[in-house]
Amino acid sequence: IAGMNAWLRREFPSVEPYGGVKIIFSPLVGYNQSLLTLEENGYRELQPHVNFPYNAPEGLSAEGAAIVRGRILFTELNHGFINPTADRYGGEIDAAIGSRAPWADDAKPARQYPNDYALFNEYMNWGLVSLYELEHLSEADRAIARPAVERAMVDRRGFVRFEAFNAFLLDIYANRLPGQTLEALYPRIIAWFVAE
């Protein structure tokens, strides 16, 4: 958890730091993971509610499998950073997404993300998984882990353009200027949705 939080804080420096993280693990969550953010008297807390553990694809190293099993926790923690960042670009995101059909197959779970903001953030949510794994998994483990995420996002969940988005996001992140954060890339990311 400390490594995930440190990575997110590094990549989203303008998001006000959280004073604490309280993780609720429960089988009652099922596949309805969520994040609650609490703020009171200057104290800010991230509270992910997740089911755990998750399986990892076969063929990963032991270290890689441990990171991949933590994806579901990471995908909730990161909403505490991507949502406040997207809040600053609400109008631009709405204009960029435009028609829903190219981005989401509403016969699949993508329908649970009913507006442009939610759809954009779910693309970012799982794109961040690939960025985090770029830095924390070996090349051999990434060759197994990344396609599994892309297949799940496109085939099972219905995020139609996720594979192309993920390739774009990995490229601009890997080739960003020294010291440039992911947060600083948001205008380019939003512009990709416009161009597509």
Side-chain angles (χ1 to χ4, degrees), residues 3-15 33 35 57 64 67-68 70-100 102-105 108-110 113 115-196:
M4 293 175 186
N5 198 38
W7 188 89
L8 290 162
R9 288 186 68 182
R10 183 190 80 201
E11 294 300 330
F12 294 90
S14 73
V15 173
Q33 279 75 222
L35 177 72
I67 290 168
V68 167
R71 277 178 181 162
I72 207 66
L73 175 58
F74 183 72
T75 63
E76 294 311 322
L77 282 175
N78 75 29
H79 277 292
F81 296 84
I82 63 176
N83 290 23
T85 304
D87 288 347
R88 298 194 302 259
Y89 297 98
E92 292 95 326
I93 290 168
D94 285 342
I97 299 289
S99 173
R100 186 174 172 80
W103 307 107
D105 178 350
K108 296 181 179 180
Y113 301 85
N115 56 49
D116 297 338
Y117 174 87
L119 197 64
F120 175 85
N121 277 342
E122 194 64 3
Y123 270 84
M124 285 299 296
N125 182 18
W126 283 90
L128 259 66
V129 168
S130 292
L131 298 182
Y132 183 78
E133 290 178 354
L134 178 67
E135 294 186 18
H136 294 89
L137 292 181
S138 69
E139 187 174 342
D141 284 341
R142 284 195 314 271
I144 296 167
R146 177 182 167 193
V149 166
E150 291 173 347
R151 281 191 310 274
M153 286 294 286
V154 175
D155 298 340
R156 193 178 78 236
R157 297 190 70 213
F159 291 87
V160 178
R161 301 282 294 139
F162 182 78
E163 188 174 354
F165 171 75
N166 206 31
F168 162 77
L169 189 62
L170 282 159
D171 180 62
I172 67 165
Y173 184 79
N175 294 298
R176 69 196 187 283
L177 298 173
Q180 191 174 33
T181 63
L182 178 58
E183 179 181 77
L185 297 175
Y186 262 60
R188 288 180 64 192
I189 294 166
I190 294 167
W192 181 86
F193 282 87
V194 174
E196 290 295 305

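Numbers here are sequence positions counted from 1.
More than 12 heavy atoms of other residues, nucleotides or ligands shown are found within 6.0 angstrom of CZ on R176. More than 12 heavy atoms of other residues, nucleotides or ligands sit less than 6.0 Å from atom CD of E135.
Two residues are said to be in side-chain contact when any heavy atoms from C-beta on lie closer than 4.5 Å; F162 and V149 meet this criterion. V194 places none of its side-chain heavy atoms less than 4.5 Å from the side chain of E92. By the 4.5 Å heavy-atom criterion applied to side chains, Q33 and T75 are not counted as neighbours. In this structure the side chain of D141 never reaches within 4.5 angstrom of the side chain of V68, judged on heavy atoms.
By the 30° and 60° cut-offs, the orientation of the rings of Y186 relative to F120 is perpendicular.
Nearest heavy-atom pair, R146 versus S130, reported as atom, atom and distance to 0.1 Å: CG-OG, 4.3 Å.
In this structure, R9 contributes its side chain and A6 its backbone to no donor-acceptor pair below 3.5 Å. For R142 (side chain) and L137 (main-chain N/O), a donor-acceptor pair under 3.5 Å exists by modelled atom type. With hydrogens and angles disregarded, a donor-acceptor distance shorter than 3.5 Å links the side chain of N175 to the backbone of D171.
Annotation: the span from D94 atom CG to N115 atom CG amounts to 7.5 Å, rounded to 0.5 Å. Summarising the geometry, atom CG belonging to L77 is positioned 6.5 Å from atom CG belonging to N5; distances are rounded to the nearest 0.5 Å. With rounding to the nearest 0.5 Å, the separation of CD1 in I93 from CD1 in I97 is 7.5 Å. Distance check: Y173 OH to I189 CD1 gives 11.0 Å after rounding to the nearest 0.5 Å.
For an aromatic pair to be called close, the ring centres must be under 6.0 Å apart, and Y123 with F193 satisfies this. In summary, the aromatic rings of F165 and W103 are positioned with their centroids too far apart to meet the 6.0 Å limit.
In terms of the salt bridge (Lys or Arg N to Asp or Glu O under 4.0 Å) criterion, E76 has no residue partners (sequence neighbours excluded). When the side-chain hydrogen bond (donor to acceptor under 3.5 Å, both in side chains) test is applied to H79, the partners found at least two apart in sequence or on another chain are N83, N125.
Using modelled atom types and a 3.5 Å distance limit, the side chains of E11 and Y132 yield no donor-acceptor pair. A side-chain N or O of E183 and one of S14 form a donor-acceptor pair less than 3.5 Å apart.
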Give the intermediate values and the outcome of side-chain contact (heavy atoms from CB on, under 4.5 Å) for residues T181 and F12. CA-CA 7 Å; T181 63; F12 294 90; over 6 Å; no

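Judged by the 6.0 Å and 45° rule, R71 forms no cation-pi pair with F74.
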